[in-house]
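These notes are about the structure you will find just below.
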2 protein chains.
Amino acid sequence: MEDKDNSPPTERKRGSGVKRVYDVLRDEILELALPPGTPVDEVQLAERFGMSRTPIREALVRLAGEGLVETLPNRSTMVSNIDFLNLNTFFDAITLMYRVTTRLAAQKHSAADLDRIRDLQEKYAQTVASQDALGMIAANREFHAAIAKAGRNPYYHSLMIRLLDDGRRLLRLYYQSFDDRLPERYVDEHAQIIDAIARGDVEAADRLARVHADQIVAQIQRLLATDARQHPAL
Amino acid sequence: MEDKDNSPPTERKRGSGVKRVYDVLRDEILELALPPGTPVDEVQLAERFGMSRTPIREALVRLAGEGLVETLPNRSTMVSNIDFLNLNTFFDAITLMYRVTTRLAAQKHSAADLDRIRDLQEKYAQTVASQDALGMIAANREFHAAIAKAGRNPYYHSLMIRLLDDGRRLLRLYYQSFDDRLPERYVDEHAQIIDAIARGDVEAADRLARVHADQIVAQIQRLLATDARQHPAL
DNA sequence: TGCATATTCATTGTCGACAAAAAATATGCA
DNA sequence: TGCATATTTTTTGTCGACAATGAATATGCA
């Protein structure tokens, strides 16, 4: 078997290389296919993607900029750790951003925004119905990202994306060991949030977002406590 | 004159190249030495810094990640524009972050944090006393960045940095055309904020931060209005 | 002259190669 | 055998070169 790869020399358009590597790696990091601490070898990636080290490097620099990867000088870069010691800062920030972005969405959303949000809620409901934990995590991210976008404040939006991505890694970490029943109540809470946004009811949006955030934080903390009992070494 | 550059081949340590270019360019962008819209040529920079295009490129990718520079595919990258149409999103976000970070600083600061904050307040007061508008802008940024750091929430801290940097460009834009008297009242407001933080008085910290933020927003809006009268074309 | 097309030019995206740095391994001595 | 030092190996940081892309310019035709 001399030809292990019969694909043609893989012509790709000029600017597409970096984006592809970036997208794939980003996904693999968020899905924990590359767990925290995994060393990332440039030549290895270069072989895998069939390109030179230069575009790989650029993708890694971008990922480092978002904190998904850490680069120690002259030594290998590795997938960033999840910081369990400061999870409260995460909870604090995501609660605030849930509220702020949902409030703003109630004020500034367009009809198109609402359509998209409803679509994503549909997808979310499907993943919950089919007990697809991984799909649910991703769909939940998309749902709240769309709300943040409807709020039309790029500062809030980008922070929200970052928080949601960190949260995605965190949830992924627990749902691969514990598959409890998926919380169907969230579907209903999402529906209520959509209603408040559609009505332009800012205060209701704020209140619902707050409750929703508290629920999620509480759930993660429960998972954490359970996990701590099973892995007391941590 | 055959030798236009008598400096030795400029030996530099291995990892230092990118950082230098990044720091210098970042500064020049924030100081408006490179005004928004300036095209950034890679070979030109390579000559200027006496190195190959590779490290230049990496620095530019990092700057693009922070939104300080925009890269259009296959065509030159340029210094990002200041978005005048959506300044309200900036005002909204910076007001919120002033409040949140100051509140947190009141709760979580250490003695060392407080020392540093007082040092920076000292520097700020000096720049105001000497009517050094540019120095004041930079010192104000450092002051509030230190408060954000004392709050010990990396999510808030990084957003605050981004906002302060954008604000620095914005203020720089106006203070190069208008040198009104520098607002000495801010020195006093800063002092009050420090007191609230030192006392751990969260509510006072919040209230003062809010007032302070409103003041600054109002001042920028005044400058904007004045400018709009002078440049009605915009 | 005015416009459509072809050609040249400037600048980026990607490549393969080499040197520097740190880690991993081997060597020598007690 | 155990430790300090030398050597090899691995992996990154930087370089110069080349091709692709889009803009600028030149060319041809009405």
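The chains referred to below are lettered A, B, ... by the order of the sequence lines, with proteins before strands, and numbering in each begins at 1.
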I want to confirm an ordering. Mapping A/Ser76 and B/Pro55 to their closest nucleotides on DNA chain D, which one lands closer to the 5' end?
A/Ser76
Pick one: which of B/Glu66, B/Arg62, B/Glu58 meets side chain to side chain donor-acceptor pair (under 3.5 Å) with B/Tyr22?
B/Glu66
Here's a test for you: under side chain to side chain donor-acceptor pair (under 3.5 Å), which of A/Thr89, A/Asp166, A/Asn86 qualifies with B/Tyr155?
A/Asp166
[atom1] of [X] versus [atom2] of [N]: gap in Å, rounded?
{"X": "A/Met78", "N": "D/dT10", "atom1": "CE", "atom2": "P", "value": "22 Å"}
{"X": "A/Ile56", "N": "C/dT14", "atom1": "CD1", "atom2": "P", "value": "10 Å"}
{"X": "B/Gln44", "N": "C/dT12", "atom1": "CD", "atom2": "C1'", "value": "14 Å"}
{"X": "B/Glu47", "N": "D/dC15", "atom1": "CD", "atom2": "P", "value": "13 Å"}

Out of [options], which has the shortest distance to the side chain of [X]?
{"X": "B/Glu42", "options": "C/dT12, D/dT12, C/dC15", "value": "C/dT12"}
{"X": "A/Arg14", "options": "C/dC15, D/dC15, C/dT12", "value": "C/dT12"}
{"X": "B/Arg75", "options": "C/dC15, D/dT21, C/dT12", "value": "D/dT21"}
{"X": "A/Asp41", "options": "C/dA23, C/dC15, D/dT12", "value": "D/dT12"}
{"X": "A/Arg53", "options": "C/dT12, C/dA17, C/dA21", "value": "C/dA17"}

Hey, is CZ on B/Arg26 packed in by over 12 heavy atoms from elsewhere, all under 6.0 Å?
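Yes, because the 6.0 Å sphere around CZ of B/Arg26 holds more than 12 heavy atoms from other groups.
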Return no unless some side-chain N or O of B/Ser52 is found under 4.0 Å from OP1 or OP2 of D/dC15.
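Checking D/dC15 against B/Ser52, a side-chain N or O does come within under 4.0 Å of OP1 or OP2.
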Heavy-atom closest contact (A/Glu42 atom, A/Ile56 atom, distance)
O-CG2, 4.2 Å
Closest heavy-atom pair, A/Arg162 versus B/Ser158, reported as atoms and distance to 0.1 Å, is NH1-OG, 3.0 Å
For A/Pro73 and for A/Glu58, find the nucleotide of DNA chain C with the closest heavy atom, then tell me which residue's nucleotide is more 5'.
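By nearest-heavy-atom nucleotide position, the 5'-most residue is A/Glu58.
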Answer yes or no: is there a side-chain heavy-atom contact under 4.5 Å between B/Asp132 and B/Leu134?
yes
Should the pair A/Tyr124 and A/His190 be assigned to parallel (<30°), tilted (30 to 60°) or perpendicular (>60°) ring geometry?
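If you compare the ring of A/Tyr124 with that of A/His190, the planes turn out tilted.
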For DNA chain D, produce a single dot-bracket line, 5' to 3'. Pairs: Watson-Crick or G-U wobble, both distances under 3.5 Å. Symbols: ( ) within strand, [ ] crossing, | other strand, . unpaired.
||||||||||||||||||||||||||||||
